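In this text the structure is predicted, and so the values were computed from the model without any measurement.
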Protein chains: 2
Amino acid sequence: MVQEQSRSEKTRELIINSARKVFLEKGYAETSTRNIADVAGITQPAMYHHFNDKEAVYLEVVNRVGKDVREVIGQGVLKPRLQPLNRLDEITKNIFDIHPKGVGIFIHESYAHLSPAGQRKLGMLYRMYYLDPLTGYFNLPEVNLRKEVLPDEAADILISSLNAMFSSFYRVGGSSISSRDKGKLSLKLVLFGIAEEQD
Amino acid sequence: MVQEQSRSEKTRELIINSARKVFLEKGYAETSTRNIADVAGITQPAMYHHFNDKEAVYLEVVNRVGKDVREVIGQGVLKPRLQPLNRLDEITKNIFDIHPKGVGIFIHESYAHLSPAGQRKLGMLYRMYYLDPLTGYFNLPEVNLRKEVLPDEAADILISSLNAMFSSFYRVGGSSISSRDKGKLSLKLVLFGIAEEQD
DNA sequence: GTCTATAGAACGATAGAC
DNA sequence: GTCTATCGTTCTATAGAC
């Protein structure tokens, strides 16, 4: 049952998709409502006919992006042919493909600039679309977490630590290895550490 | 040979110490020149008699903070009585004591808001005061790094990953363990990973 | 050396014509 | 539903009196 889209709905979608590009690239604080309007090809005040304020646009974008993230995590967790490590490698690769400048600039750095209500909502969306699906991976029987770390903590640490390596000043593994292998190496470092375990 | 401090030098020191508090707490972008002047008890334009611009104040602050960081790392590396892990635990505790909101908000998040010359200088200061001293630790013969990771990469990963855990939405180890033990646990997770190594 | 006053730019958001 | 015009705020930085 495909519903015909009104002109207003089309413009609203256009704004969301334009905002998605800019918010993912620059984060909430560095994105102006004029940036979004320019990409959408409308004037800045026209945006306010479709959304109450900048925060409402952002949270709708997080909702859209989050659904994509949940989808790629869900796909990855259920791939039975792959070893667990390769499955997680595919998951994290897909997450960072969605976030060209990392997850932190899109989610974590935006948090402080929202209203209290917006902060609560962002925390909820982050948990629902990023952390809970990843917790599903760490709950798999074939994944062995260290006993001090709970599955939902592991999900948060994984995203935050990978993001830190992703946007680091330096580059892991030297300049000779491909970015694909760097992702896999970063993942191994988060999972198994940067040092050899002592006896 | 103690030199008497002129009034101008005293005001300059006052500005730097006030700016240090605010920059460490909020980072470069969220700190206004009025914030700094208010804490110093002067008017905002008076600052411009002592510094060319906001960036110059920030880079002088990074220079001061950085010297303190190099100092606590140097002290920690040379403590021969402690086991290497306890030594690194003491080092990272002291680094994060200097940065009440983490290293990232002070260094990494400021980078994008500086001029190209300022970015080069910040990168230089970060390497000189944070990474190089920590590389000294990872070069110690009793520290066993994973073979894929070079000592200077380890230094960068350590600071970035600890910072990510420090400012994470969630809290490692549950609410029952003290923040002191959380620091030690976070350090272990960076060094040895969050998962059990496979056979 | 520090002040008042203000320039000049960017921002989020609103008013009101069409 | 979209536009032009503009309000009110905040920001870095400068001009010029004292």
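Residues A/Y28 and B/S6 each lie close to DNA chain C; by heavy-atom proximity, the contact nearer the 5' end of the strand is made by B/S6.
The span of DNA chain C lying next to chain B, judged by atoms under 4.0 Å from heavy atoms, is bounded 5' to 3' by C/dG1 to C/dA5.
A cation-pi arrangement, defined by a distance under 6.0 Å to the six-membered ring centre and an angle within 45 degrees of its axis, is absent between B/K101 and B/F106.
The only member of A/V57, A/V62, A/N35 that meets side chain to side chain contact (heavy atoms under 4.5 Å, CB included) when paired with A/F23 is A/V57.
In this structure, A/R7 reaches the sugar-phosphate backbone alone: every heavy-atom distance under 4.0 Å involves primed, P, OP1 or OP2 atoms, never a base. Across all strands shown, A/T43 has heavy atoms under 4.0 Å from base atoms, whether or not it also approaches the sugar-phosphate.
Distance CZ (A/R34) to P (D/dT4): 12 Å, rounded to an integer number of Å. Atom NE2 in B/H113 sits about 14 Å away from atom C1' in D/dT12, given to the nearest Å. In this structure, the CG atom of B/D38 is 13 Å from the P atom of D/dT10, given to the nearest Å.
Nearest approach of A/N163 to A/F96, heavy atoms of both residues: N-CZ, 3.8 Å. Across all non-hydrogen atoms, the minimal contact from B/Y28 to B/K54 is O-NZ, 3.0 Å.
Taking OH of A/Y130 as the reference point, atom CG of A/L125 lies at 9.0 Å (rounded to 0.5 Å).
Taking the charged nitrogens against the carboxylate oxygens, B/R20 and B/E13 have no contact shorter than 4.0 Å, which rules out a salt bridge. Using a cut-off of 4.0 Å between Lys/Arg side-chain N and Asp/Glu carboxylate O, B/D156 and B/R127 are scored as not salt-bridged. Between B/D97 and B/K93, at least one side-chain nitrogen of the basic residue sits less than 4.0 Å from a carboxylate oxygen of the acidic one, meeting the salt-bridge criterion.
Contacts between residues 45-60 of chain A and DNA chain C, defined by a heavy-atom separation below 4.0 Å, involve A/P45, A/Y48, A/D53, A/K54, listed by number.
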